[in-house]
Amino acid sequence: METEHEERADAGRRPPVRALVAGSVGNFIEWYEFGVYGYFATVIAERFFTPAGGGTFEGLVKTYASFALAFFFRPVGAALFGRLGDRIGRRPVLILVISLMTVTTALIGALPAYATVGVLAPWLLTLLRVLQGLSAGGEFGGAVAAMTEFAPPDRRGLYGAWQSFTVALGLLGGAGVAAVLASLLSEAQLNAWGWRVPFLLALPMGLGALWLRLRLDETPAFRDRQPTESLPARDVAWAVALGAGRVMGWAAAGYAFLVVLPSYLQTALHATFREALTATVLANLGFAATIIPAGLLSDRIGRRPVMLTGAGLVVVLAVPLLALLRGDGSTLLKGSAVLLAGAVVGLMAGPGPALLAEMFPTRVRCTGLGLAYALSNAVFSGCAGLIITEAVKRTGNVDVPAYYAAAACAVSMLALSRKTAFDGTAGKAGGTDAGDRPDVGNVVRRH
């Protein structure tokens, strides 16, 4: 017969569905909003960043600059909220960041435009984007730490993959709302007020997410953590830098193929808004289709082999896939190209969260994985739209998005071949092993 202590331990190892949903729902809202901002970038540029007589391309560059600025505040949020999460617990931080994200997203939908308040409009929008960046920086570290710490040792890849899967769901949700509005409203109505609707919808979604997180328990790993000697700052810093390098290909390719694509197709290839949205939906469907299988596979053969495969495929396929979009091929062929582009990103996104969580002991996990992810996204996701748009403008080379994604994935392949001081030892410190061997679960159970 099991003792009471053993029963409690077993219960701690069986994560409730509530933990999985509560951990990932905030990520859905975050990426829903970032997707909506990307899909409506041309409209936002006109409403907030283009005064009378201003150029469309100039307004779009300023829109992406605001987009990038929010990403550069993600590391600040990761450090701030991550430190709180490692000190006071995952649950209170998850409650705080979802509240901040919900309020700021809904406020964007209520902001007065340039025609109403002049130069104040872009500054107000940028301020809200900064606050969103702070909350998003804390969201990933807290949510991934919670989900992987609730997960059984041999299912961390699967549980972490749900965090990435909600990225796809969020982007698809944003694209779906945008597509419905584009179908129901005239172009004039969409530009006048229709673009506000997706942002305002974040309010009821955020309230539902807050309710779920208020009912969430603290993770077993955080409750059971033991005082240990200080970790060498140099080892933690190297793990953060290497973690950022390992996921930079995911960040760059994800934003190039999944978020920047609509505006790129409209400005560089002169596609219509509906055509651009259709391509984006297909890319995100491909992305969503491979995330969960990739996470499951990483539980069997390791995180790094699966991610190396995805990064290598982007290096090889990025330029040919973009060439297909520019060519005179059939609609079916072009649709297959964007579907495949999303699918290879999913191979990196599936194992990515678990890989980052397994790089850090419990006592620095929120901060470490949050910083690694935020730094990578600040540079290679947040700047993707700005860099690609400006580079295409200056060079006239429409292959820039492919080169950008391929170069970042090549660097990720190098980072994935290196290890940190915590690889193989994090399990002893906080319930997580390095995840590079198929027998990860057995290793952790023995400890």
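Values in this document were obtained by computation on a predicted structure and should not be read as measured data.
The closest side-chain heavy-atom distance from Val97 to Glu30 is not below 4.5 Å. The side-chain heavy atoms of Leu416 and Leu308, taken from C-beta on, include a pair separated by under 4.5 Å. Within the 4.5 Å cutoff, the side chain of Leu356 has no heavy atoms near those of the Val144 side chain. Here the side chains of Val400 and Asn397 are in contact, with some heavy-atom distance below 4.5 Å. A 4.5 Å side-chain heavy-atom check between Phe140 and Gln163 finds at least one atom pair inside the cut-off. When side chains are defined from C-beta on, Val240 counts as touching Phe360, because their heavy atoms get closer than 4.5 Å. Arg418 is not listed as a side-chain neighbour of Arg246, based on a closest heavy-atom distance of 4.5 Å or more. A heavy-atom distance below 4.5 Å is found between the side chains of Leu322 and Pro401.
Rounding to the nearest 0.5 Å places CG of Leu158 at 11.0 Å from CZ of Phe165. Rounding to the nearest 0.5 angstrom, the gap separating the OG1 atom in Thr148 from the CG atom in Leu355 is 11.5 Å. Here the CH2-CE distance, from Trp238 to Met359, works out to 9.0 Å after rounding to the nearest 0.5 Å. Going from atom CG of Leu96 over to atom CD1 of Ile88 covers 8.0 Å, rounded to the nearest 0.5 Å. The CG atom of Leu203 sits 10.0 Å away from the CD1 atom of Ile29 when rounded to the nearest 0.5 Å. With rounding to the nearest 0.5 Å, the separation of OG1 in Thr166 from CG in Leu172 is 11.5 Å.
Qualifying side-chain contact (heavy atoms from CB on, under 4.5 Å) partners for Ala253, counting only residues two or more places apart in sequence or in other chains: Phe257, Val314, Val345, Met348, Ala405, Cys409. With sequence neighbours excluded, no residue forms a salt bridge (charged side-chain N to carboxylate O under 4.0 Å, His left out) with Arg234. Under the side-chain contact (heavy atoms from CB on, under 4.5 Å) criterion, Leu414 pairs with no residue at all, not counting sequence neighbours. The side-chain contact (heavy atoms from CB on, under 4.5 Å) check on Pro75 picks up Leu371, Ala374, Leu375, Ala378, with sequence neighbours excluded.
For Tyr255 and Trp250, the ring centers sit 6.0 Å or farther from each other.
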Exercise for the section: Evaluate side-chain contact (heavy atoms from CB on, under 4.5 Å) for Phe150 paired with Leu20, printing each intermediate quantity in order. Expected result: CA-CA 8 Å; Phe150 271 116; Leu20 194 62; over 6 Å; no
Handout entry: Verdict with supporting geometry, Leu313 and Leu347, side-chain contact (heavy atoms from CB on, under 4.5 Å)
Key = CA-CA 10 Å; Leu313 286 173; Leu347 292 178; 3.9 Å; yes
Handout entry: Worked verdict on Asn377 versus Tyr373 for side-chain contact (heavy atoms from CB on, under 4.5 Å)
Key = CA-CA 6 Å; Asn377 275 269; Tyr373 181 79; 3.3 Å; yes
Exercise for the section: List the steps and the verdict of side-chain contact (heavy atoms from CB on, under 4.5 Å) for Val379 and Met248. Expected result: CA-CA 8 Å; Val379 178; Met248 67 181 281; over 6 Å; no
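Taking each heavy atom of Gly82 and Cys366 in turn, the nearest pair found is O-CB, 3.5 Å. Here the closest heavy-atom approach between residue Ala168 and residue Ala288 is recorded as CB-CB, 3.6 Å. Nearest heavy-atom pair, Tyr32 versus Gly174, reported as atom, atom and distance to 0.1 Å: CD1-N, 3.4 Å. Of all heavy-atom pairs between Val306 and Pro351, the closest is CG1-CG, 3.7 Å. The two residues Pro152 and Tyr159 make their nearest non-hydrogen contact at CD-CE1, 3.8 Å. Shown here for Val36 and Pro198, the closest heavy-atom pair between the two residues is CG1-CB, 3.7 Å.
Of the charged side-chain nitrogens involved, at least one lies within less than 4.0 Å of a carboxylate oxygen, so that Glu139 and Arg213 count as a salt-bridged pair.
Between the Arg223 side chain and the Glu218 main chain, a donor and an acceptor come within less than 3.5 Å of each other.
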Donor-acceptor pairs under 3.5 Å, side chain of residues 100-110 to any protein atom, not counting sequence neighbours: which ones?
unit_1 : atom_1 : unit_2 : atom_2 : d
Thr102 : OG1    : Ile98  : O      : 2.8
Thr104 : OG1    : Leu100 : O      : 2.9
Thr104 : OG1    : Met101 : O      : 3.1
Thr105 : OG1    : Met101 : O      : 2.8
Thr105 : OG1    : Gln132 : NE2    : 2.8

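For the pair Arg74 and Trp31, the cation-pi criterion (under 6.0 Å, within 45° of the ring axis) is fulfilled.
Each side chain to side chain donor-acceptor pair (under 3.5 Å) pair with one or both residues in residues 89-101, not counting sequence neighbours, appears once here: Asp86-Arg90, Arg90-Glu149.
Among the candidates Leu125, Val43, Leu124, Thr126, the single residue satisfying the side-chain contact (heavy atoms from CB on, under 4.5 Å) test with Phe48 is Leu125.
By the 30° and 60° cut-offs, the orientation of the rings of Trp195 relative to Phe199 is perpendicular.
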